[in-house]
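Below, chains carry the letters A, B, ... as their sequence lines are ordered, and counting in each starts from 1. Atoms considered below: every heavy atom in the structure, side chains included; atoms not considered: hydrogens, waters and symmetry mates.
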Amino acid sequence: MSKICNDCIAIVAEKPRAAAKIASAISHGRAKKILYKGVPIWIFRIDGEEYVVIPSAGHLFSIDTNKSGIPVFEYKWIPRHVVDDDYKHLERFYKAFSEILPRAKAYINACDYDIEGSLIGYMIVKHWGDVRKMKRMKFSSLVEDELRRSFRNLGPPDIDMIEAGLARHEMDWIWGINVSRALMMLFNKISGERRVLSAGRVQTPTLFEVVRNTIERNTFVPTPLYSVNIYIEVAGKRYKLESAEEPFKRKQLAEEYARTAKSSGYAVVKNVRREVLSYKPPYPFNLGDLQEEAHRIYRISPARTLKILEDLYLDSLISYPRTNSQKLPASIGHRDIIQSIGRLGDYRSIALKVLRKEILTPNNGPMDDPAHPAIYPTGEIPRRLEKEHAKIYDLVVRRYLATFMDPAVIDRVSIDIEVAGRAYKLHGTKITYKGWLEAYPFYKIEEKTVPNVKPGDRINIALVRIAISYTRPEAPHNKATLLKWMESQGIGTESTRAEIIETLFRRKYVDGSGATDLGLMVYSAIEKYFPDLSRIDLTRSFEEMMEKIRRGELRREHVVEKTKIVVGTAIERFLKNIENIDPSETKLLGIKTGGCPICGYASSNNEHGFCPIHEKAYEKLVEVYKEWAKDGYGWEDYLEKLSKLEITGTAAKEVISFLRKTQRKGSGD
DNA sequence: GCAAGGTC
Ligand SMILES: [Zn+2]
């Protein structure tokens, strides 16, 4: 048997799935698949020329160093599986390349057409061959026509794109490794313990967001709100009016109004409006939306959802999951897929309904992806799925079917009502046509009836009640809201966001209730020594530099050298600062040095010697008291009341009990 | 051991 690849043209793909599609498209299905050293490869001939398509599994190479200590700027690219036991699965890909690529006479980089893809293919070709003999296939989807077109129009090696990718990797490594090591050094100096800590361009701004949210909630001081609830009775049925105005801030005003409302005795119907609302189906799923929905509906974490999606993808049940696209191109062949899905009992009636449409038009969203469409089911029938896999698969199928369906139609009645000079409303909701809601029933639309009234009607008031409520702190973050926050800030990628959130938990910077003491320590250390790394702006500046490198306006060496200077300067300053320092002088949050009389963190300059968090809570208590005072509360009563409210932040409550203790002492003897 | 980025 002759060896594979004798002066062949080697086509390097980013992953096995893509390799299969590329081989099939270019060879018109004639490619022969063989398992070579455990890696699927495809062989075919065109005009006597031998082609071999070999997949990688993402990056085979990674940056590494053998130097310890900081600053560290010496690194090189090495095969990942050699240094990292968690990446042993890459070894077979490495071996397949090392047998085949040296016998190739030319190479085609057919990795995803984005910066990382350019780099993945380039590193592989460079390791075993001559990059001057490399060409680039450029495609934005794996549909046959597009792949054939890009194969006929091979581009030159996209060296500027590769340089931009290399620059990004190097800058991230320099920042991440140096600051991570600095943190570990500092922690060791303060506590005498060795502990793995980390920092990076994406994880650190995310940690800062958790800390901001945690402090905001812990120092929250509520103010009271007084609503006057009015109930009317029509035809023996009681309705609670919805207030159309802000609640009262003063109890007295609410009471006065309630008295007037009661004595007037009736409500006046001002206007009755009927409208037919139509709700378009949801967009096709991108990864972030799917992770958000899986968490909302099933409380499955974003990382777990991605893992399940990867399993479903490798089982050929769904398309590529790491996509930002909310668009489904027609070329996917939706009618065939929906016909297949209809073979599954759960979806039969819905699929039939969708197939009755003459044209299938998805409700495409605005988000896009350079290499992949939105997530859709392939139409392959799953054999047996585990519980959570079944839930996620169901979500994908339902969302997919829904996006082709008719809008949901809702009849809505809005009644404007006036009671003693204040505006109220009543809303009636009735779903008259379910449309896509039939396929994707994960939204609760509460149906409500309203009394049959007309403008000018006077309706008897049955009951007037004053209800007290309180302003609320911002909602706490969870893994799904954090992921959406990262998305909104444009940090991380589909492949990395969920895992980076897990890193914050694994490091114990963050737990179920927000930032931990360790998280606060890392936060304040980075704020003190490496504030640039905590800012979203660092990513923006990376992006600008990469764009300029891609356009040939800037060189990688230049931006990398600049990064070494910036990071090097900060590291030198850090080393000097901690050289002769006593742990108590670090003034970091999360470290008990005995300063703050409440928590023992270092004090900032203020009257009580509070740490910054308790000082912030104290300032809010003083500020918010102005509102309560207008409502007739004395300081003592105010503190008493707040200490009993559940929504008062923990740090605020701690300050309250501290103040009450010291005040008692002051007035006692 | 430490990043962020691919994918198994
Ligand atoms: Zn404190």
K.L.:
Between B:dG6, B:dA3, B:dG1, which one does the side chain of A:Ser495 approach most closely?
P.N.:
B:dG6
K.L.:
Determine, using ring centers only, whether A:Tyr400 and A:Phe285 are less than 6.0 Å apart.
P.N.:
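No.
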K.L.:
Please determine, for the side chain of A:Glu14, which listed nucleotide (B:dG6, B:dC2, B:dA3) has the closest atom?
P.N.:
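Between B:dG6, B:dC2, B:dA3, the one nearest the side chain of A:Glu14 would be B:dG6.
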K.L.:
What does A:Gln203 touch in the nucleic acid at a heavy-atom separation under 4.0 angstrom: a base, only the sugar-phosphate, or nothing?
P.N.:
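Sugar-phosphate: the residue A:Gln203, judged by heavy atoms under 4.0 Å, touches backbone atoms but no base.
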K.L.:
Would one find more than 12 heavy atoms of other residues, nucleotides or ligands at under 6.0 Å from atom NZ of A:Lys33?
P.N.:
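Count not over threshold, so no.
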K.L.:
Closest to the A:Ile500 side chain: B:dA3, B:dT7, B:dA4?
P.N.:
B:dA4
K.L.:
Counting side-chain heavy atoms from CB outward, which of B:dC2, B:dT7, B:dA3 is closest to A:Asp172?
P.N.:
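Taking heavy atoms from C-beta onward, the closest nucleotide is B:dA3.
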K.L.:
Look at all strands and tell whether A:Tyr313 reaches a base, only sugar-phosphate, or nothing, counting heavy atoms closer than 4.0 Å.
P.N.:
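Sugar-phosphate contact only - A:Tyr313 comes under 4.0 Å of backbone atoms but never of a base.
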K.L.:
With heavy atoms under 4.0 Å as the rule, sort A:Tyr320 into base, sugar-phosphate or nothing.
P.N.:
sugar-phosphate
K.L.:
Can you tell me if the side-chain N/O atoms of A:Arg80 get under 4.0 Å from OP1 or OP2 in B:dG5?
P.N.:
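So the side chain of A:Arg80 is outside the cut-off, no N or O lying under 4.0 Å from OP1 or OP2 of B:dG5.
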K.L.:
Please tell me if A:Thr493 has a side-chain N or O lying less than 4.0 Å from either OP1 or OP2 of B:dG6.
P.N.:
yes
K.L.:
Closest to the A:Met184 side chain: B:dG5, B:dC2, B:dA3?
P.N.:
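Among B:dG5, B:dC2, B:dA3, the one nearest the side chain of A:Met184 is B:dC2.
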K.L.:
Would you mind telling me which of B:dG5, B:dA3, B:dT7 lies closest to the side-chain atoms of A:Glu116?
P.N.:
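Nearest listed nucleotide: B:dG5.
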K.L.:
Please work out if A:Ser62 contacts a base, only the sugar-phosphate, or nothing of the nucleic acid, heavy-atom cut-off 4.0 Å.
P.N.:
base
K.L.:
Should A:Arg497 be listed as having a side-chain N or O under 4.0 Å from OP1 or OP2 of B:dG5?
P.N.:
no
K.L.:
Would you say NZ of A:Lys562 has more than 12 non-hydrogen atoms from neighbouring residues, nucleotides or ligands within 6.0 angstrom?
P.N.:
no
K.L.:
Do A:His127 and A:Tyr94 have their ring centres less than 6.0 Å from each other?
P.N.:
yes
K.L.:
Can you establish whether the number of heavy atoms outside A:Lys126 located under 6.0 Å from its atom NZ is more than 12?
P.N.:
no
K.L.:
Kindly indicate whether the side chain of A:Arg322 and the base of B:dG6 share any N or O donor-acceptor pair separated by less than 3.5 Å?
P.N.:
no
